[in-house]
Novice: 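The following block contains the structure, expressed as structure tokens.
Because the structure is predicted, anything quoted here is derived from the model rather than measured.
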Amino acid sequence: MGNHRDVYHQCLAVIPVCLLEISMGLACGWIGPMIKTFLEDPNSEIKATEDECSWIASMPGFGETFGPFFSILLLDELGRKILIQIATAIFAALWLPVLFTRSVTILCITFFVFGLGMGICNGVTAIYMGENCSPKIRGIFCNASVTSFYLGVLLQYTIAEYLSYSAIATVNFILAFCGLISCTFLAVETAQFLMLKGRFDKAESKMMWLRGTKNKDDIITDFENIKANVASEKLKKASYRELFFTPVNFKSLIIVLTLNMAHAATGNASLFRYISVLFPQNEHFTSYQVTVYFGISQLIFCLLASFVIENVNRRSLTLFAFSLFLVCHSVSTYFFYDAANNETPSKYGLWIIFAMVCLFSGFSAALDSVVHMIRGELFPQSIKPIGSGLAIATISFTQFLTIKTFLMVKSQYGIYMNFLGYAVCSLAAFWFTYFFLPETRGKTLIEIQKSLEKQK
């Protein structure tokens, strides 16, 4: 894993990303328990219909569809560090209208803007860590960022039970503002961007700091390789055709876009938003307990993934995840159908559904780390901003559709139809992964591109 100074410096560089992810998790986690409050609590400060709640829940995904295009335009102009600061500022400012308004329309607009920030964040953080972290520990750091997101979600689920609407918004603003301060002092611009701008001395010093050395000879080989690669990829930008019509670039683009869309189509985002209203109030558990258990399962699987992600092939982990999703959604389909069509459904059905949903969502959180890494690993420098931006737009729009249609399908056909659709998507995702996803574990970004060029 490198020397201790190497790991320590890269940990410092990743802290702003983790705090950024916590801020994003707080906002995403706020939606779940609030929707139940808006719909069912007679003392709620905001009253909303089921359709209005579906818009509030889906607005982040809709905004996130457009956010990556800001990354495409600005990533190679402003740099990775400044875009991370912009996203963090958006997440902090988000809580001011939430604190001072009680309008559903304003909330929809606010969470659309939050979605723009999510798109910028997701478009830049994978690239930031892919370029700043060593190959042997890149997976661990990427997993740490995703784990931070689910830590923010769990924190929000917990405080939502004990604090008022205004107090929640205030606490979230303070935490997001702390993240903004950390970005100012700890975020490190990547050597690739600095080389792209011709600042080679600065790139060398940043690279030496990240590698924990004061000896230029320790980084000279990697430095020259990156320098040559950046120069080569920079020339390709002169031709639009080079971006999309060279075989290796097109292959990377299709693989990443399809994997992101497949992961979103398996339904994690919908369950994430509607978990508080998914299960009726019963003698087994309250809606508060459901959301907390749900958040704990996501966090646990993310933590477990950090111990295996660099010891298990990315492709094998992805295949296992999609096969698990297929089982979970199939079981949930059967028991939700049984509950809807039988007067005396299985007394164990609710527990089984709950276990399956937690298992699926927990492991999906772990898969988030893999998808996040692949997005930063598979694209060459020349199409990295555009490719990552399109990938985020793809996954975001797919999530928007699944979230917006969830309650409609539930009302018209029954909730089990949602899970049946997610099961079919899981099967298709498994097939695609098996035949098309390459292995990237332990490889440098340059080695990954060379392996793609060799594949037919």
Novice: So do W55 and K404 actually touch side chain to side chain, heavy atoms under 4.5 Å?
Specialist: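 They are in contact (side-chain heavy atoms under 4.5 Å apart), so the answer is yes.
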Novice: Measure the spacing between SG of C121 and CD of E64 and express it to the nearest 0.5 Å.
Specialist: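 With rounding to 0.5 Å, SG (C121) is 8.5 Å from CD (E64).
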Novice: Could you walk me through whether N172 and Q156 pass the side-chain contact (heavy atoms from CB on, under 4.5 Å) check?
Specialist: CA-CA 8 Å; N172 291 343; Q156 188 70 100; 2.6 Å; yes
Novice: Tell me yes or no: between the side chains of S54 and Y274, is some donor less than 3.5 Å from an acceptor?
Specialist: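 Result is no, nothing qualifies.
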Novice: Distance-only, no hydrogens or angles: does the T258 side chain make a donor-acceptor pair with backbone N or O of I255 under 3.5 Å?
Specialist: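 Pair absent, no side-chain N/O of T258 close to backbone of I255.
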Novice: Measure the spacing between CZ of F272 and OG1 of T291 and express it to the nearest 0.5 Å.
Specialist: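 Spacing of CZ (F272) from OG1 (T291) equals 11.0 Å.
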Novice: Would you find a donor on one side and an acceptor on the other, under 3.5 Å apart, between the side chain of T110 and the backbone of I106?
Specialist: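 Flag set: sc T110 to bb I106 pair under 3.5 Å.
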Novice: Assess whether atom CZ of F432 is packed by more than 12 heavy atoms of other residues, nucleotides or ligands within 6.0 Å.
Specialist: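 Above 12, so yes.
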Novice: Is there a side-chain contact between F149 and I22 (heavy atoms, below 4.5 Å)?
Specialist: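 Not in contact.
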Novice: Using a 3.5 Å distance criterion without hydrogens, assess whether the side chain of N260 forms a donor-acceptor pair with backbone atoms of I395.
Specialist: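 It does not hold such a pair.
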Novice: For a quick test of your reading: what N or O donor-acceptor pairs under 3.5 Å do the side chains of residues 176-186 make, sequence neighbours left out?
Specialist:
unit_1 : atom_1 : unit_2 : atom_2 : d
S182   : OG     : G179   : O      : 2.7
T184   : OG1    : L180   : O      : 3.2

Novice: To check you understand the geometry: which heavy-atom pair defines the closest contact between L359 and L324, and what is its length?
Specialist: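 Taking every non-hydrogen atom into account, CD2-CD1, 3.7 Å.
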Novice: Take K202 and S205 through the side-chain contact (heavy atoms from CB on, under 4.5 Å) test and state the conclusion after the steps.
Specialist: CA-CA 5 Å; K202 189 72 171 178; S205 65; 4.2 Å; yes
Novice: Going by heavy atoms in the side chains, are F114 and C28 under 4.5 Å from each other?
Specialist: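 Yes, close enough: below the 4.5 Å cut-off.
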Novice: Evaluate N132 against Q10 for side-chain hydrogen bond (donor to acceptor under 3.5 Å, both in side chains), listing each step before the verdict.
Specialist: CA-CA 7 Å; N132 270 344; Q10 291 182 40; over 6 Å; no
Novice: Flag the pair R199 and E189 as a salt bridge only when some basic side-chain nitrogen lies within less than 4.0 angstrom of an acidic carboxylate oxygen.
Specialist: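 No salt bridge links R199 with E189.
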Novice: Are any non-hydrogen side-chain atoms of H263 and L367 less than 4.5 angstrom apart?
Specialist: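 SC-SC contact between H263 and L367 confirmed.
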Novice: Distance-only criterion, 3.5 Å: show the donor-acceptor pairs between side-chain atoms of residues 162-170 and protein atoms not counting sequence neighbours.
Specialist:
unit_1 : atom_1 : unit_2 : atom_2 : d
Y162   : OH     : Y288   : OH     : 3.3
S164   : OG     : A167   : N      : 3.2
Y165   : OH     : V98    : O      : 3.1
S166   : OG     : R102   : NH2    : 3.1
T170   : OG1    : S166   : O      : 2.9

Novice: Nearest 0.5 Å please: distance from the OG atom of S23 over to the CD1 atom of I90.
Specialist: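 Rounded to the nearest 0.5 Å, the OG-CD1 separation comes out at 12.0 Å.
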Novice: For C108 and M59, work out which heavy atoms get closest and say how close.
Specialist: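 Between these two residues, the closest heavy atoms are O-CG, 3.4 Å.
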Novice: Looking only at non-hydrogen atoms, find the nearest pair between A57 and I31 and report the distance.
Specialist: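 Minimum heavy-atom contact is CA-CG2, 3.8 Å.
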Novice: Are the side chain of Y128 and the backbone N or O of A187 linked by a donor-acceptor pair below 3.5 Å?
Specialist: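 Not a single qualifying donor-acceptor pair exists.
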Novice: Testing the basics here: between A265 and T398, what is the closest heavy-atom pair and its distance to 0.1 Å?
Specialist: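 Here A265 and T398 meet closest at N-CG2, 3.8 Å.
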Novice: Would you mind checking if E131 and R80 are paired as a salt bridge, meaning a charged N to carboxylate O distance below 4.0 Å?
Specialist: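 Result for this pair is yes, salt bridge flagged.
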Novice: Which heavy atom of I403 sits nearest a heavy atom of R273, and at what distance?
Specialist: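 Reported closest heavy-atom pair: CD1-CG, 3.8 Å.
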Novice: Does any part of the side chain of L175, heavy atoms only, come nearer than 4.5 Å to the side chain of L155, both counted from C-beta?
Specialist: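 Side-chain contact under 4.5 Å: yes.
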Novice: I want to check something: taking the side chain as every heavy atom from C-beta on, are Q298 and N268 in contact at a cut-off of under 4.5 Å?
Specialist: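 A side-chain contact under 4.5 Å exists here.
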Novice: Within this structure, what is the NZ-NZ distance for the pair K81 and K206, rounded to the nearest 0.5 Å?
Specialist: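 Rounded to the nearest 0.5 Å, the NZ-NZ separation comes out at 6.0 Å.
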Novice: Taking all heavy atoms of F322 and all of L259, pick out the closest pair and write down the distance.
Specialist: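 Taking F322 first and L259 second, the nearest heavy atoms are CE1-CD1, 4.0 Å.
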Novice: Ring centroids only, cut at 6.0 angstrom: are Y422 and F325 within range, meaning strictly under it?
Specialist: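 They do not qualify: ring centres at least 6.0 Å apart.
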Novice: Which is it for T318 and F430 under the side-chain contact (heavy atoms from CB on, under 4.5 Å) test, yes or no, and what are the steps along the way?
Specialist: CA-CA 8 Å; T318 306; F430 180 91; over 6 Å; no
Novice: Within the 4.5 Å heavy-atom criterion, are Y434 and R315 side-chain neighbours or not?
Specialist: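 A side-chain contact exists here, since the closest heavy-atom pair is under 4.5 Å.
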Novice: Evaluate F111 against W30 for ring pair (Phe, Tyr, Trp, His ring centres under 6.0 Å), listing each step before the verdict.
Specialist: CA-CA 11 Å; F111 278 94; W30 181 89; 5.2 Å; yes
Novice: Give, for atom CG of L154 and atom CD1 of I300, the distance between the pair rounded to the nearest 0.5 Å.
Specialist: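 Between atom CG of L154 and atom CD1 of I300 there are 9.0 Å.
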Novice: Can you tell me how far apart CD1 (I84) and CG (L19) are? Round to the nearest 0.5 Å.
Specialist: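 Separation between the atoms: 11.5 Å.
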Novice: Is the shortest side-chain heavy-atom distance between V357 and S332 below 4.5 Å?
Specialist: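 The answer is yes; the side chains approach within 4.5 Å.
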Novice: Step through it carefully: locate the ring centre of F436, locate the ring centre of W431, and say whether they are under 6.0 Å apart.
Specialist: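 Yes: the rings meet the under 6.0 Å criterion.
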Novice: Would you say the side-chain atoms of T88 pair up with the backbone N or O of L20, donor to acceptor, closer than 3.5 Å?
Specialist: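 A pair under 3.5 Å: no.
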